[in-house]
Amino acid sequence: MFKMFAIICAVTVLECNTLHEDPPRFFNTKAECQEALVIKQEQTIEMLTDEDGYLTVAHLELGCTNAYD
C-alpha cells in the first residue's frame with residue numbers, strides 16, 4: 001500500500017514540513033499512487049502559485065511512499 005506526501009518549505013529549505021492527505025488515500029501499487037500524484041501535484045502548484053505565476057514556497061516536493069513505513 002502506498003500514500004502521497006508533500007514536503008513544503010515555506011521560507012527556506014531549513015523550514016520544511018512533510019504533509020499527508022487528510023483523509024489519506026491509499027493505493028495498492030506505487031504506479032497507481034504516482035498516476036494520482038500527477039493531478040495532486042498540478043492542484044498543489046496551482047494553490048501555491050501567486051497571481052504573477054510564481055511559486056510562493058521555497059521548495060515543493062511531492063511523492064509516494066510505502067504506507068507502512
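Each residue takes its place number in the sequence, starting with 1.
Note that CZ of Phe2 is 10.0 Å distant from OH of Tyr68, once rounded to the nearest 0.5 Å. Taken from NZ in Lys30 to CG in Asn66, the straight-line distance is 9.0 Å, to the nearest 0.5 Å. Separating the CD atom in Glu61 from the OG1 atom in Thr18 is a distance of 8.5 Å, to the nearest 0.5 Å. With rounding to the nearest 0.5 angstrom, the SG atom of Cys64 is 7.5 Å from the CZ atom of Phe5.
Proximity of Met1 to Asn28: side-chain heavy atoms (C-beta onward) are separated by under 4.5 Å at one or more points. The shortest side-chain heavy-atom distance between Thr44 and Leu60 falls under the 4.5 Å cut-off. In this structure, the side chains of His59 and Ile8 stay at 4.5 Å or more apart for every pair of heavy atoms. Here the side chains of Glu15 and Cys9 are not in contact, with every heavy-atom distance at 4.5 Å or above.
Linking ILVMFWY side-chain heavy atoms closer than 4.5 Å, directly or via other members, places Leu55 and Ile7 in two distinct hydrophobic clusters.
Among all heavy-atom pairs drawn from His20 and Met4, the shortest one is ND1-O, 3.3 Å. Residues Leu37 and Gly63 come closest through the heavy atom pair CD2-CA, 3.5 Å. Closest non-hydrogen pair, Leu62 versus Lys40, comes out as CD2-CG, 4.0 Å.
Thr56 places a side-chain N or O within 3.5 Å of a backbone atom of Leu48 that can act as its donor or acceptor partner. The backbone N or O of Tyr54 lies less than 3.5 Å from no partner atom in the side chain of Asp52, so there is not a single donor-acceptor pair.
Leu14 shares a hydrophobic cluster with no other residue; no ILVMFWY side chain has heavy atoms under 4.5 Å from its own.
Annotation: Glu35, atom CD; neighbour count of heavy atoms from other residues, nucleotides and ligands within 6.0 Å does not exceed 12.
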